[in-house]
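Numbering of ligands and ligand atoms starts at 1, following listing order. Worth saying up front: this structure is predicted, and the values here are computed from it rather than measured.
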Amino acid sequence: MKISIGCDHIATDVKNHVADYLKRKGHEVIDNGTYDYERTHYPIYGKKTAAKVVSGEADLGIVICGTGVGITNGANKVAGARCALVRDVATARYAKESLNANIIGVGGRITGIGLIENIVDVFLETEYKATPENTALIDRINNLIAPNEQAQDEHLFDEFIEKWNNGGYPAQ
Ligand code: RB5
């Protein structure tokens, strides 16, 4: 499979570990960054990772920040993304099987690396059950977000990066 993956600066090590794990299992990885530990903003990478999934360039996506919350929310703002914040194997299975999640988010500072590997395995292995109920509900959810111009804007979060650079945020 082709997996789109992204993280913020808090979770770069975890993202690199997951990318290597996937490659060892024979998957192709599109690494959308971030690539180092310089402070940045999670929605940049949530959006980049999700865009590759929604466009069909990747089959599935994985997003990682400190808690997983921020980057999951960012990914879900891309029309067509169905990103589930996952902290356990049962949720990973449910998200794929019933909700056809095409991306999962995990918290690099919350969930241990062994459990993240198990979550990733289950997410990739589980098949979506396209029952009429599941499909109707997902269609309804998809239609909540209309495609918009901001989703194409590479500089959408520049002002936040500038704020980081000017010391506008407390250190994290
Ligand atoms: C750091 O920006 C931190 O807020 C982020 O990694 C994440 O935990 C947000 O949900």
Could you list the donor-acceptor pairs under 3.5 angstrom formed by side chains in residues 65-74, with sequence neighbours left out?
residue	atom	partner	partner atom	Å
T67	OG1	V69	N	3.0
T72	OG1	G68	O	2.5

Extract all donor-acceptor atom pairs below 3.5 Å that involve side chains of residues 92-99 and protein atoms in other chains or at least two apart in sequence.
residue	atom	partner	partner atom	Å
K96	NZ	F123	O	2.6
K96	NZ	T126	O	2.9

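Counting only N and O atoms by type, the side chains of T135 and Y128 include a donor and acceptor under 3.5 Å apart.
Taking any N or O of D8, backbone or side chain, at least one lies under 3.5 Å from an N or O belonging to ligand 1. Note: an N/O pair closer than 3.5 Å links G66 and ligand 1 by distance alone. Ligand 1 has a nitrogen or oxygen under 3.5 angstrom from a nitrogen or oxygen of G70. Geometrically, ligand 1 and T67 share a nitrogen or oxygen pair separated by less than 3.5 Å.
Two residues are said to be in side-chain contact when any heavy atoms from C-beta on lie closer than 4.5 Å; Y21 and I116 fail this criterion. Contact annotation: the side chain of I62 approaches that of L22 to within less than 4.5 Å [non-hydrogen atoms, C-beta and beyond].
Of all the atoms in ligand 1, the ones that sit under 4.0 Å from a non-hydrogen atom of Y42 are 5 (C), 9 (C). Atoms of ligand 1 lying under 4.0 Å from any heavy atom of I10, numbered from 1 in the order shown and given with element: 1 (C), 6 (O).
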